[in-house]
Amino acid sequence: DADASSLLDRVIGPMVHDAFRSDFWRLRWEALTHLSKHFADMTGEPSDLVVAVAELTCVAAKDKIAKVFLASLAVFEELLSDSRVDAITPEAFSELLRGKATGQAGDQASDALAMLLDQTDVGGGSTVASSP
């Protein structure tokens, strides 16, 4: 998707974006690790940050290498603790994560919340919930 690609170029920078799209899993992992360590360097409006991280997380969830997806969760965690997104209401934040505010409503591939729930189901869910 050209819009998502353009957004990622603006928010994370073209070099990191290229590394994230690499055929080599280690480059994808390093791009996400770099982003989690240098989250403050990401640029754009708060809503752009949310949409970009949602896109990164959705793409990484489909990666064959689990380390890539796990690295994306570290970026997601940085987003949740970043003060720049404090101005976004919880409802708007949720809509951005679900792709609704970007005109991609109904597109499962852009719904970061549904993807995270699917990944939890695939992993068998919480072990705490199944403990006696």
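What you see is a predicted model; the values in this text were computed from it and never measured.
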Original post:
Is there a side chain to side chain contact (heavy atoms under 4.5 Å, CB included) between W29 and I65 once you walk through the steps?
Top reply: CA-CA 9 Å; W29 174 80; I65 306 297; over 6 Å; no
Quick check for you: to the nearest 0.5 Å, what is the distance between [X] atom [atom1] and [Y] atom [atom2]?
{"X": "C58", "Y": "D118", "atom1": "SG", "atom2": "CG", "answer": "10.0 Å"}
{"X": "L27", "Y": "L32", "atom1": "CG", "atom2": "CG", "answer": "11.0 Å"}
{"X": "L113", "Y": "E95", "atom1": "CG", "atom2": "CD", "answer": "11.0 Å"}
{"X": "L56", "Y": "F69", "atom1": "CG", "atom2": "CZ", "answer": "12.5 Å"}

Original post:
Do S36 side-chain atoms and T33 backbone N/O form a donor-acceptor pair below 3.5 Å?
Top reply: yes
If you look at every heavy atom in [X] and [Y], which pair is closest and at what distance?
{"X": "I88", "Y": "S47", "value": "CD1-N, 3.8 Å"}
{"X": "T43", "Y": "L49", "value": "O-CD2, 4.0 Å"}
{"X": "R98", "Y": "A114", "value": "NH2-CB, 4.5 Å"}
{"X": "A54", "Y": "L97", "value": "CB-CD2, 4.0 Å"}

So do the side chains of [X] and [Y] get within less than 4.5 Å of each other, counting heavy atoms only?
{"X": "F93", "Y": "L80", "answer": "yes"}
{"X": "W25", "Y": "K64", "answer": "no"}
{"X": "L116", "Y": "L73", "answer": "yes"}
{"X": "L35", "Y": "F20", "answer": "no"}
{"X": "M42", "Y": "V53", "answer": "yes"}

Subject >> Step-by-step side chain to side chain contact (heavy atoms under 4.5 Å, CB included) determination, H38 to V16 >> reply: CA-CA 11 Å; H38 303 281; V16 177; over 6 Å; no
**OP:** Might you work through the side chain to side chain contact (heavy atoms under 4.5 Å, CB included) test for T57 and V75, ending with a clear yes or no?
**Re:** CA-CA 8 Å; T57 306; V75 177; 6.0 Å; no
**OP:** Verify the cluster assignment for M15 and L8: are they in a single hydrophobic cluster under the rule of side-chain heavy atoms below 4.5 Å apart?
**Re:** no
Original post:
Is a salt bridge present between R84 and E78, judged by a nitrogen-to-oxygen distance below 4.0 Å?
Top reply: no
Subject >> Reference residue E30; test side chain to side chain contact (heavy atoms under 4.5 Å, CB included); the match among H34, R28, R26 >> reply: R26
**OP:** Show your reasoning for whether salt bridge (Lys or Arg N to Asp or Glu O under 4.0 Å) applies to R21 and E55.
**Re:** CA-CA 12 Å; R21 295 291 186 183; E55 174 70 16; 3.7 Å; yes
